[in-house]
Number of protein chains: 2
Amino acid sequence: MNAPISPPALTKNQTLVFGVLSEAEAPVSAYTILDRLRDHGFRAPLQVYRALDKLLEFGMVHRLESLNAFVACAHRESQCCGAGHGHGTVAFAICESCGQVAEFHDHEVDHRLEGWARQKGFRPVKTAIEIRGLCSSCAA
Amino acid sequence: MNAPISPPALTKNQTLVFGVLSEAEAPVSAYTILDRLRDHGFRAPLQVYRALDKLLEFGMVHRLESLNAFVACAHRESQCCGAGHGHGTVAFAICESCGQVAEFHDHEVDHRLEGWARQKGFRPVKTAIEIRGLCSSCAA
DNA sequence: TGCCACACGTTATAGCATAACGCAATTGAT
DNA sequence: ATCAATTGCGTTATGCTATAACGTGTGGCA
Ligand SMILES: [Zn+2]
Ligand SMILES: [Zn+2]
Ligand SMILES: [Zn+2]
Ligand SMILES: [Zn+2]
């Protein structure tokens, strides 16, 4: 369910933006992406946001709501939630010290939230789960 | 666990901001709060943000990360997670049509996320769970 | 009295996101 | 081939969200 749209070939701008996110070790804000792509001709925020919109649509990128920043999807190859690379709701653990983000999926959590929604007649469209804290390295 | 700080008497600004949130039927942004309090002498965003910081600290208000907006806590009287009004991690279902927000708590979800964190050595500080979608009225 | 903690007020600035316009390339009928 | 519709692109301007930095005033307390 909720399978992301199949990714057609990326445009030049989409490729550049995805490249920045793939190489980053932490979430990156839209304006930081812009700065990193000035040498490639990027001049305005909309160039970034338009590429991000598509990448989000393709399921190749996630937005971290509590950070106003973006990450490349870390588990597109996972088979756990159905055919191919699609995935349902995913959770993020964000280290407030080093910035690293872990992306994971928990069926039971998904199931419980869906259960609540069904019971209340609420129709979910998109769910964000973000745990802020300290990663194992930084908590030591 | 994670019991909020006991709320001392609120200051004038804190009372005004909390009043706006209590009377609202949907999340309210900081700048909207500012506008609604101009007649009471509010002139600058910081007056709102400072009051909000305290109210968040007291556990009387929640921030919705995916909306950049705030709501009064809807279940301070609940006894479900320990003594008094304190609560652990809470989830929100946000209707994208009418704006209404439902606040709820699910032990099992909490437990699963804690389990993941323990297993990974991640030390959670604050967790956000926000389901965007359509409420029962709007989905009909 | 002097000190400290805290709330408050003000101005300025930083950071995040979209509206509105126009142009160019692509696609897919007719 | 030609027209229309779609999509991506570039630019300018604007709006929304959040904090930095400075100064004032007040109450508690050694
Ligand atoms: Zn992913
Ligand atoms: Zn870390
Ligand atoms: Zn609450
Ligand atoms: Zn609704």
Side-chain angles (χ1 to χ4, degrees), chain A residues 5-21 24 26-58 60-71 94 96 99 126 128 130 132, chain B residues 5-21 24 26-58 60-71 94 96 99 126 128 130 132:
Chain A
I5 293 171
S6 72
L10 298 183
T11 68
K12 177 161 170 279
N13 284 6
Q14 287 159 18
T15 304
L16 287 167
V17 168
F18 187 66
V20 169
L21 291 177
V28 190
S29 78
Y31 276 71
T32 300
I33 295 173
L34 175 58
D35 285 339
R36 295 201 186 155
L37 290 177
R38 296 230 184 246
D39 294 344
H40 293 269
F42 275 52
R43 314 282 320 179
L46 262 194
Q47 295 175 273
V48 177
Y49 282 109
R50 288 201 273 231
L52 285 172
D53 284 345
K54 285 299 179 185
L55 294 170
L56 288 166
E57 193 178 314
F58 301 154
M60 301 173 65
V61 158
H62 299 290
R63 175 188 168 81
L64 298 177
E65 303 290 350
S66 67
L67 247 42
N68 293 331
F70 304 84
V71 288
I94 304 163
E96 297 189 312
K126 185 160 194 338
E130 299 179 16
R132 308 279 298 262
Chain B
I5 292 171
S6 72
L10 298 183
T11 68
K12 177 161 169 280
N13 284 5
Q14 288 159 18
T15 304
L16 287 167
V17 168
F18 187 65
V20 169
L21 290 177
V28 191
S29 79
Y31 277 72
T32 301
I33 295 173
L34 174 58
D35 286 338
R36 295 200 185 156
L37 291 177
R38 297 237 182 238
D39 294 343
H40 293 269
F42 274 52
R43 316 279 320 176
L46 261 194
Q47 296 175 271
V48 177
Y49 282 109
R50 288 203 273 231
L52 284 172
D53 283 345
K54 285 301 179 184
L55 293 170
L56 287 166
E57 193 178 314
F58 300 154
M60 301 173 64
V61 158
H62 299 290
R63 174 188 169 83
L64 297 177
E65 302 290 351
S66 68
L67 248 40
N68 294 330
F70 303 85
V71 287
I94 304 164
E96 297 188 313
K126 186 161 193 337
E130 301 179 15
R132 309 279 298 262

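So you know, we letter chains A, B, ... as the sequences are listed, proteins then strands, and number each from 1.
- In this structure, Leu52(B) atom CG and dA7(C) atom C1' are separated by 15 Å, rounded to whole Å.
- Nearest nucleotide to the side chain of Asn13(B), out of dC8(C), dT11(C), dT11(D): dC8(C).
- Of the candidates dC8(C), dG10(D), dC9(D), dG10(D) carries the atom nearest the Gln47(A) side chain, counting heavy atoms from C-beta on.
- To the nearest angstrom, P of dG8(D) lies 13 Å from CZ of Phe42(A).
- To the nearest 0.5 Å, atoms CG (Leu64(A)) and CD1 (Ile94(A)) are separated by 4.5 Å.
- Taking the side chain of Pro45(B) as heavy atoms from C-beta on, and the options dA18(D), dG8(D), dG9(C), the nearest nucleotide is dA18(D).
- Comparing dC8(C), dA17(C), dT11(D) by their closest approach to the side chain of Arg50(B) singles out dC8(C).
- Using a 4.5 Å cut-off on side-chain heavy atoms (C-beta onward), Leu10(A) and Val17(A) make no contact.
- Distances from the side chain of Leu46(B) to the nucleotides dA20(D), dA17(C), dC8(C) place dA20(D) closest.
- Separating the CG atom of Leu34(A) from the C1' atom of dT18(C) is a distance of 15 Å, rounded to the nearest angstrom.
- Distance from the side chain of Arg63(B) is smallest to dA18(D) among dC16(C), dA18(D), dT11(D).
- Residue contacts for Arg43(B): at a heavy-atom cut-off of 4.0 Å it reaches the sugar-phosphate backbone alone, with no base atom in range.
- Between Arg36(B) and Val28(B) the shortest side-chain heavy-atom distance falls below 4.5 Å.
- The distance from atom CG of Leu10(B) to atom C1' of dC8(C) is 15 Å, rounded to the nearest whole Å.
- Nucleotide dG9(C) holds its C1' atom 17 Å from the OH atom of Tyr49(B), rounded to whole Å.
- Side-chain contact between Leu37(B) and Asn13(B): absent, with no pair of heavy atoms (C-beta onward) separated by less than 4.5 Å.
- The aromatic ring of Tyr31(B) is stacked on the base of dT17(D), with the two ring centres less than 5.5 Å apart and the planes inclined by under 30°.
- A straight line from NZ of Lys12(A) to P of dT26(C) spans 15 Å, rounded to a whole angstrom.
- Listed candidates were dT10(C), dC9(D), dA7(C). Nearest to the side chain of Thr11(B) is dA7(C).
- Taking the side chain of Lys54(A) as heavy atoms from C-beta on, and the options dC9(D), dG8(D), dA18(D), the nearest nucleotide is dG8(D).
- One finds a salt bridge joining Arg63(B) and Glu65(B) here, because a Lys/Arg side-chain nitrogen approaches an Asp/Glu carboxylate oxygen to under 4.0 Å.
- Counting to the nearest Å, the P atom of dG9(C) and the CG atom of Leu37(B) are 11 Å from each other.
- Applying the 4.0 Å criterion to OP1 and OP2 of dA18(D), one finds that Asn68(B) has a side-chain N or O inside that range.
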